[in-house]
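What follows is a single structure, written as structure tokens, with notes after it.
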Amino acid sequence: MTELTDVATLLLSRIRDVADYPEPGVMFKDITPLLADPQAFAALTDALAGIAEATGATKVIGLEARGFILGAPVAVRAGLGFIPVRKAGKLPGATLRQAYDLEYGSAEIEVHAEDLASGDRVLIVDDVLATGGTSEAAMRLVRRAGADVAGLAVLMELGFLAGRARLEEVLAGAPLEALLTV
């Protein structure tokens, strides 16, 4: 337990608060100082790779865009394949697409249809869990492709936005692991 506490303390110390970004009243959590610190980035990668191993994941999905930065080294560290989930229209070839609601409007994400198959156990990785819309859409994409959701792992959960509650049903018993809750 002390090791996880030490990792959480290190990670939190490398996340910068930026007031009034991207709009007045918002306190943005900037992870770029964490990524620039090789010790902190390695600790983050190791922690998330441990979650991948504990869940029995066979593949890692990273959600555009910071989920790519976190998910790819996690996949390498855990010896797993990496699959990007992109905004609609960014992937060539055959894709599966999933729409989801945003606070003001809607969006769509896509995955290459051939990258997931029956028998795959997928860990979804992202930097932040806010309201849960993108994560929910990603889980639906994974299941539509015939794969199983092994879990969702995030660096940071914004607890006051209740994303975890929104995801409870769609997780269907799969774990949601947040290294930090703010």
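None of the values given here were measured: they were computed from a predicted structure.
Interatomic distance, T55 OG1 to L123 CG, rounded to the nearest 0.5 Å: 5.0 Å. Rounding to the nearest 0.5 Å gives a distance of 7.5 Å between CD1 of I15 and NZ of K29. Here CD of E157 is found 4.5 Å from OG1 of T181. Values are rounded to the nearest 0.5 Å. Taken from CG in L91 to CD in E64, the straight-line distance is 8.5 Å, to the nearest 0.5 Å.
Other members of a hydrophobic cluster containing V26 are absent, since no ILVMFWY side chain comes under 4.5 Å of it, directly or through relayed contacts. Under a 4.5 Å side-chain heavy-atom cut-off, the cluster of Ile, Leu, Val, Met, Phe, Trp and Tyr residues that includes V18 is completed by Y21, F28.
Here the closest heavy-atom approach between residue P33 and residue R16 is recorded as CG-CB, 4.0 Å. The two atoms that bring F41 and P73 nearest to each other are CZ-CG, 4.1 Å, heavy atoms only.
A78 pairs by the side-chain contact (heavy atoms from CB on, under 4.5 Å) definition with A49, A52, E53, L80, not counting sequence neighbours.
Salt bridge annotation for R164-E168: absent, with no cationic side-chain nitrogen under 4.0 angstrom from a carboxylate oxygen. Using a cut-off of 4.0 Å between Lys/Arg side-chain N and Asp/Glu carboxylate O, D126 and R66 are scored as not salt-bridged. Comment: K87 does not engage E108 in a salt bridge, judged by the lack of any side-chain N to carboxylate O separation of less than 4.0 angstrom. Checked for salt-bridge contact, E110 and R86 miss the test: no charged N lies under 4.0 Å from a carboxylate O.
Side-chain contact between D148 and D120 is absent, with no heavy atoms from C-beta onward closer than 4.5 Å.
Under the side chain to side chain contact (heavy atoms under 4.5 Å, CB included) test applied with L155, the options V125, L11, L48, V128 reduce to a single match, L11.
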